[in-house]
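Data block below; observations after.
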Number of protein chains: 4
Amino acid sequence: MAQPSSTPGSKQSTPARKRAAPAGRPSRDPAVVRRRLTEAATRRFAAAGFEGVNSNQIAREAGVGVGTFYNHFRDKHEVHQAVVLDTLEGLQDAVTRAAPDAAAPVEQQVRALVEGVLSFAEGHADRFRVAFGAEAAPHRPPRSARATGDVAQPSRAQVGYSTRATERRLAQLRDAGVLEPTLDPAVAARAFVAMQNEVVCWWLDDPSRATREGVIETLVKLHPAIAAARK
Amino acid sequence: MAQPSSTPGSKQSTPARKRAAPAGRPSRDPAVVRRRLTEAATRRFAAAGFEGVNSNQIAREAGVGVGTFYNHFRDKHEVHQAVVLDTLEGLQDAVTRAAPDAAAPVEQQVRALVEGVLSFAEGHADRFRVAFGAEAAPHRPPRSARATGDVAQPSRAQVGYSTRATERRLAQLRDAGVLEPTLDPAVAARAFVAMQNEVVCWWLDDPSRATREGVIETLVKLHPAIAAARK
Amino acid sequence: MAQPSSTPGSKQSTPARKRAAPAGRPSRDPAVVRRRLTEAATRRFAAAGFEGVNSNQIAREAGVGVGTFYNHFRDKHEVHQAVVLDTLEGLQDAVTRAAPDAAAPVEQQVRALVEGVLSFAEGHADRFRVAFGAEAAPHRPPRSARATGDVAQPSRAQVGYSTRATERRLAQLRDAGVLEPTLDPAVAARAFVAMQNEVVCWWLDDPSRATREGVIETLVKLHPAIAAARK
Amino acid sequence: MAQPSSTPGSKQSTPARKRAAPAGRPSRDPAVVRRRLTEAATRRFAAAGFEGVNSNQIAREAGVGVGTFYNHFRDKHEVHQAVVLDTLEGLQDAVTRAAPDAAAPVEQQVRALVEGVLSFAEGHADRFRVAFGAEAAPHRPPRSARATGDVAQPSRAQVGYSTRATERRLAQLRDAGVLEPTLDPAVAARAFVAMQNEVVCWWLDDPSRATREGVIETLVKLHPAIAAARK
DNA sequence: AATGAATGAGGGTTCATTCAT
DNA sequence: TATGAATGAACCCTCATTCAT
């Protein structure tokens, strides 16, 4: 939600019938306020991590009162979840859109994937950091929520999910005899997702660390489907 | 899960002249107390993450008073640092000892490295988790320390350190024409360290997820020196 | 705990070995601090009711920091419980001590009981108010505690308990044919306890409302064992 | 549990000219909205006590917006007052209607009174609980109101009011030489009202605790006019 | 050196009430 | 008049750290 541009005419086009806020701040449109909160949270979480941020800061950064924050999210965990979920979804879309013909050579598919992820990350650096950065650690939900057990799985689990697809694809390739049979798809998938997330976050933090192409080429070369291809 | 006997003549060798107190508990030897604190901290950090633990818990788990904790460490960050540093050191030792002749074929060297890391992790699961697990996130030092800027760099930087050696080795190999020239050593090193840490932590959490050999084989195959070897 | 004198040489006699606090405030003796907190809480609860008081106020009134309050009690409910329980216990003692020979005529026993309760209430007005006043309403325990269900029964239940003895005694008397058979012991017991508590609290609030004797005489006359005695 | 039909021509008779809105919900009639709010508040207060309920809940339960709540009542205390006052009034009516000829024997009058109160309570359990239950505690008016002193007396005072009549009647009887002269009418009145309220609430909470007749018989026997009648 | 009670800033969350629509 | 989003003071409680013993 933080970085605009990429997704074209999204929500900011408050339909004429909604009376664009009178140029001033308080915007009566709940969706707008919620977006402002999510964006503020994204920025703060990206900068300071879940524990390094408090609800007052988020509210202040969003330009609203604390109470308003709690009108939109049950608690701090919920915003975090929202950011992570949004990001996962956005990433999924980006990757899907970037995917070439399924019949294309494997390397081309892998490169498209990596390129897709990187592009998304460039356009949504903060969201990417929140979802996949070092701070995307499992958070202890508040005692109350913990008791009722109704908090969604923490971000790591979500990451695990995106691992699944990779794992399946690798298993197919291995079974098709294209990959080294000693490669464990589950391990390899986990490995790739971890390296990709880490490398991308690291590079975003200081893009002078490597060229964009270097990042892509290297990740492609290390992708199990390429790295462990049978010679 | 604390530090067993693998690292030989380390601290546990309480010099004979300072025999543990009669019944065993109150141990007057500062080094022993410190070790007990470090171990307690390791267990707690591994289980609950930096933010999920408080100094009283650590002290209680170590069987000493809170005050004693602060006699041995300036603050909570310091114990954490100590655990991380110890682990890095131990890991370095383990890897060094496991390394074969420098003239051995690359794959053998890589396998020895991976095997060395995995063995260390198995013997020091909690320490490994603290140093490399998801919770090993950068911690916000307390406001006071932040102001004076005199807290050591957070764990991530330490991880970066262990990346350095890998990076240099890869650069050599690439310059020697053994690796694909498009591979960026810095990126590749980062990628490998990330995948290795993540995979090992993930596997330690539930060893039924893969066989030991599967983990090793797969990491070896994905190591840049193997994966990006020129065909 | 508020009103001294009655219980003779109780806790305030800090044994010489404990080093009487250096005349100053901070008293290192936990029992003393806890007593100060309980007393402060008693005063505040008596004056403003459970919901009308906050932990900071209690701590301030006790002359300690908030943290100290929470070092001694898990939460606000716990102090309240402590006050109520202490009071019930004290009342029980007082009544027991005041009870005449079991062979004495019923009226004498009843009078001794009422007189005992009233004396206790006079000596411990605030505690009595907290335990039996209008504010002694069931309090919603904090969400966390509610989940784990480990909060003791709220004061009302405690009141119910003291009702039990009365009920048993009335049942005996009725079965012995001394009381009107249409009298329901459970109802009567409940009724008597309620009237006694209410009347005493009301009278304590403004002793000019009735003479001490008037209160006692009237309560005795209305006690089921007297009021419903068979003519 | 809200107010059913027992009290005849009261408010529910929305004048024909103001028919409830077509489908039934949004009702434009202020009196209807207010009634819905009062009823909702009654249910919530009865269930959770004054402090256990918040204005949003009342509004939601009434099916209106929070704003509407504040259009009808100055604040939360005002609805509570309204419920209590309504109840007192209704109870007064009920009792008056049930009262037999003033020349009837005292016991018959007392029984009619008790029976009247009990019947009213059965028909308006929630209102009775709100007005007389344990939760009917004095509420701390909001700071602002407290300063200006313009909030009506809390419920207890109201209860005191209904005590007045009893007190006068008892004084008459005593002066007429029918009652023991040592009985203090003020104390006795207070005692009776308290016991009656408590017993009725207790019985309503679980009617299996006693038979309806048992409750009535016992309360009658314990009424000062009977209990303290001169033999 | 060891102890553990004391401390209070800070954080998460609630809720009575307001006010623009 | 009805609405419900917005507000922020207030409250409960935690925990890193200190310090008297």
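Labels below follow one simple rule: chain letters A, B, ... track the order of the sequence lines, proteins then strands, and each chain is numbered from 1. Everything quoted here is computed from the prediction, not taken from an experiment.
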**Q.** Check: E:dA2 base within 3.5 Å donor-acceptor of B:N71 side chain
**A.** yes
Q. For the residue pair D:F50 and D:H80, does the interplanar ring angle fall in the parallel (under 30°), tilted (30 to 60°) or perpendicular (over 60°) class?
A. perpendicular
Q: Using the test ring-ring contact (aromatic ring centres under 6.0 Å, His included), find all partners of C:F69 that sit at least two apart in sequence or belong to another chain.
A: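 Expected list: C:F73.
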Q.
The criterion is ring-ring contact (aromatic ring centres under 6.0 Å, His included); which residues satisfy it with B:Y70, sequence neighbours excluded?
A. none
Q.
Run the side-chain contact (heavy atoms from CB on, under 4.5 Å) test against D:A46 and tell me which residues pass, sequence neighbours left out.
A.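 D:A46 satisfies side-chain contact (heavy atoms from CB on, under 4.5 Å) with D:D126, D:R129, D:V130 only.
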Q: Using side-chain contact (heavy atoms from CB on, under 4.5 Å) as the criterion, list what pairs up with A:N54, not counting sequence neighbours.
A: A:N56, A:Q57
For the pair made of [atom1] in [X] and [atom2] in [N], what is the distance, rounded to whole Å?
X     : N      : atom1 : atom2 : value
B:R60 : E:dA5  : CZ    : P     : 11 Å
B:Q57 : F:dT17 : CD    : C1'   : 15 Å
B:N54 : F:dA16 : CG    : C1'   : 8 Å
C:F50 : F:dC12 : CZ    : C1'   : 10 Å
C:Y70 : F:dT14 : OH    : P     : 7 Å
D:R36 : F:dA2  : CZ    : C1'   : 12 Å
C:E51 : F:dC12 : CD    : P     : 9 Å
D:F69 : F:dT1  : CZ    : C1'   : 16 Å

Q. Using a cut-off of 4.0 Å on non-hydrogen atoms, how would the nucleic acid contact of A:V64 be classed: base, sugar-phosphate, or nothing?
A.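 Sugar-phosphate contact only - A:V64 comes under 4.0 Å of backbone atoms but never of a base.
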Q | A:H72 vs B:K76, nearer the 5' end of DNA chain F by closest nucleotide | A | A:H72
Q: Starting from the 5' end of DNA chain F, give me the residue, C:N56 or B:N56, whose nearest nucleotide shows up first.
A: C:N56
Q: Return no unless some side-chain N or O of C:S55 is found under 4.0 Å from OP1 or OP2 of F:dC13.
A: no
Q | OP1 or OP2 of F:dA5 under 4.0 Å from side-chain N/O of A:T68 | A | no
Q) Using a 3.5 Å cut-off on both pairing distances, which stems of three or more Watson-Crick or G-U pairs include DNA chain F? A) E:2-21 with F:2-21
Q: Indicate the atoms forming the closest heavy-atom contact of A:R34 with A:A82, along with that distance.
A: NH2-CB, 4.1 Å
Q.
Assuming nearest nucleotide by heavy-atom distance, tell me which of D:V66 and C:G67 is located more 5' along DNA chain E.
A.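 First, find each residue's nearest nucleotide; the 5'-ward one identifies C:G67.
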Q: Looking only at side-chain atoms of B:V33, point me to the closest of E:dA2, E:dA5, E:dC15.
A: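 The closest nucleotide is E:dA2.
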Q: Only counting residues at least two apart or in another chain, list the ones meeting salt bridge (charged side-chain N to carboxylate O under 4.0 Å, His left out) with C:E78.
A: C:R74
